[in-house]
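Each residue takes its place number in the sequence, starting with 1.
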Amino acid sequence: MKTVSIVGFGNQAKAWANNLRDSNFQVKIYLQKNSNSIKFATEQGFETVEIETTTIIPSPIILLIPDHHHLDFFIKNQEKILPKGKIVYAHGYSVYKEQLPAKYPQFSHLLLAPKGIATEVRNQYLHKGKLGAAFSLENSLSKDDDSTLIHDLALNIGITAGPYQTTFEMETIADLVSEQTLLCSIIPYTALASYNTLRKSGTPKEIAYMECWYELKLIVDTLAKIGPDKFFDLISPNALIGSEKAKKIFFDDNFFQKIESLKSDIVNGIFFKEVENTDTNALRDQVKQYWKNEELTKVHHDLAENMFDK
């Protein structure tokens, strides 16, 4: 039976651990001795090991603690990893930002980055769905062995598209740019603005919700399945004309300059400094409170059960 060591038990780690166990891997979870996750991992049937009390963390090590703790993990635990040990990351962020391969060249630093949030990594595996991923062997000490490892892990956590080769730098920049310019900004906040505009004009909340939030999923699913060319051949004349009218209004030179500005801040390291100087917990609480106060959120809780599959 193949064995892996997973450090951490957050959302991504839970998905990887369950998928690999279901694929007949032996999975050990390594956690700090005061971690609340020890109880949760044990309750789910995983063998847990306290990092402080172990002398060796066997390779391959899948490092799934938050990215900003990766450097600290190496500072405290590098002597517990055998030379030429294989470290697998689900994101490029910490490796690129902290230049971990230069600081710890005795290890293979490998990337396997599923392109989906943790719940989808688990959900797609359970329902035999499809999921893509990126990988990098640029910091490998044994390219053939490490390639076999990465592709084996990809197969057994449910990756069906790829994994496609990249670098830690490219994966990091692509991930951050997509989050900031589209996935976690324009999509939710534009949907909210559209909903609130309809509500101000007297549209019933249920209708506004279906038009601006529920249909969002249907549109994205359709775009993903058939592609942009067929999508624009499919939509109604009203939707087509309205789409082009809004494109001319929204997507002016100023819009593209803003996107370039966001990308420049990432490439130049400005965003890394912003992350270091931000209290993430306080910001998350602030954002959650903002959305909690929005009527759209309340309507979602009332209607989602009858509109979305679990």
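Rounding to the nearest 0.5 angstrom, the gap separating the CG atom in L110 from the CD1 atom in I61 is 11.0 Å. From L198, atom CG reaches atom CG of L296 across 11.0 Å, with rounding to the nearest 0.5 Å. Here the straight-line distance linking atom CZ of F255 with atom NZ of K247 works out to 12.5 Å at 0.5 Å rounding.
Minimum interatomic distance between F73 and I65 (heavy atoms only, all atoms of both residues): CB-CD1, 3.9 Å.
By the 6.0 Å contact criterion, CZ on F231 is enclosed, its count of non-hydrogen atoms from other residues, nucleotides or ligands being greater than 12. Other residues, nucleotides and ligands contribute over 12 non-hydrogen atoms within 6.0 Å of the CG atom of N34. For K103, the NZ atom sits in a packed shell: over 12 heavy atoms of surrounding residues, nucleotides or ligands are nearer than 6.0 Å. A 6.0 Å sphere centred on CG of D253 holds no more than 12 heavy atoms belonging to other residues, nucleotides or ligands. By the 6.0 Å contact criterion, CZ on F250 is open, its count of non-hydrogen atoms from other residues, nucleotides or ligands being 12 or less. The environment of NZ in K230 is sparse: at most 12 heavy-atom neighbours from other residues, nucleotides or ligands sit within 6.0 Å. Heavy-atom neighbours of D233 CG from other residues, nucleotides or ligands within 6.0 Å: at or below the threshold of 12.
For Y125 (side chain) and I157 (main-chain N/O), no donor-acceptor pair under 3.5 Å exists by modelled atom type.
Under the 30°/60° scheme for interplanar angles, the aromatic rings of Y189 and W291 are found to be tilted.
The existence of a salt bridge linking E294 and R199 is excluded, since no basic side-chain nitrogen approaches an acidic carboxylate oxygen closer than 4.0 Å. A salt bridge does not link K298 to D302: none of the charged nitrogens lies less than 4.0 Å from a carboxylate oxygen.
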